[in-house]
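Before any comments, here is the structure.
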Amino acid sequence: QVQLVQSGGGFEQAGGSLTLSCTASGRTFIRYNIGWFRQAPGKEREFVASISWDGLSTYYADFVKGRFTVSRDNAKNMVSLQLTTLKQDDTAVYYCAAGTQSFYASGLNDYDYWGQGTQVTVSS
């Protein structure tokens with residue numbers, strides 16, 4: 001079992017940057033691919049990015065390509081999502097999730113464990 005604790009996020013102006021972190025407990029962290037999702041008010045939770053268990057493969061939703069970067073440090077049991085060139089449309093609660101499906105799995109049901117979520121608010 002894996003427990004995910006998120007940190008980071010907050011308020012930022014459009015064009016700015018933020019970094020989100022997701023720290024896992026448990027020795028089995030390295031077995032899991034990690035995905036990032038977000039949910040804006042009144043909208044469904046959507047896939048943002050994912051990274052393979054070994055950190056060698058990443059996958060991004062089209063709307064964040066070139067702006068967001070996902071990385072992981074298995075020695076620290078941590079995955080990060082760097083958000084740059086932020087837009088107001090990026091305002092949402094962001095979630096990390098752990099799963100054993102393919103690293104490019106983008107469905108909610110593809111992930112077994114979820115972080116508590118962290119708010120990102122982008123102002124104009």
Please lay out, stage by stage, how D89 and F63 fare under the test side chain to side chain contact (heavy atoms under 4.5 Å, CB included). CA-CA 10 Å; D89 287 347; F63 57 80; over 6 Å; no
Rounded to the nearest 0.5 Å, how far does [atom2] of [Y] lie from [atom1] of [X]?
X	Y	atom1	atom2	value
Y104	T58	OH	OG1	14.0 Å
M78	S71	CE	OG	7.5 Å
Q101	S50	CD	OG	12.0 Å
Y60	F47	OH	CZ	9.5 Å
R72	I30	CZ	CD1	7.0 Å
T69	Q82	OG1	CD	5.5 Å

Let me see the working for Y113 and Y32 under side chain to side chain contact (heavy atoms under 4.5 Å, CB included), right down to the final yes or no. CA-CA 10 Å; Y113 304 101; Y32 292 91; 3.6 Å; yes
Is the closest side-chain heavy-atom distance between [X] and [Y] below 4.5 Å?
X	Y	result
W36	V79	yes
L20	V120	yes
Q6	Y95	yes
L4	T23	no
I51	Y59	no

Atom CD of Q119 with >12 non-hydrogen neighbours under 6.0 angstrom: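 Yes, the 6.0 Å shell around CD holds more than 12 heavy atoms from other groups.
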Which atom of [X] lies closest to which atom of [Y], heavy atoms considered:
X	Y	result
G10	L18	O-CD1, 4.0 Å
N74	D54	ND2-CA, 4.3 Å
A14	S124	CB-CA, 4.4 Å
V2	A24	CG1-CB, 3.8 Å
L81	F68	CD1-CB, 4.2 Å
C96	I34	CB-CG2, 4.5 Å

Give a yes or no on whether the backbone of Y94 and the side-chain of T118 come within a donor-acceptor separation of less than 3.5 Å. no
Main-chain N/O of T85 paired with R67 side-chain donor or acceptor, under 3.5 Å: yes
Mind running side chain to side chain contact (heavy atoms under 4.5 Å, CB included) on L108 and R45 for me, showing each step along the way? CA-CA 8 Å; L108 301 181; R45 195 172 298 188; 3.9 Å; yes
May I ask you to decide if the ring planes of W114 and F37 are parallel, tilted or perpendicular, using 30° and 60° as cut-offs? tilted
For D90, is there an ion pair with K87 - N to carboxylate O distance below 4.0 angstrom?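 Between D90 and K87 there is no salt bridge, as every charged N stays at least 4.0 Å from the carboxylate O atoms.
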Which is it for R38 and E46 under the side chain to side chain contact (heavy atoms under 4.5 Å, CB included) test, yes or no, and what are the steps along the way? CA-CA 5 Å; R38 70 185 186 185; E46 62 181 356; 2.8 Å; yes
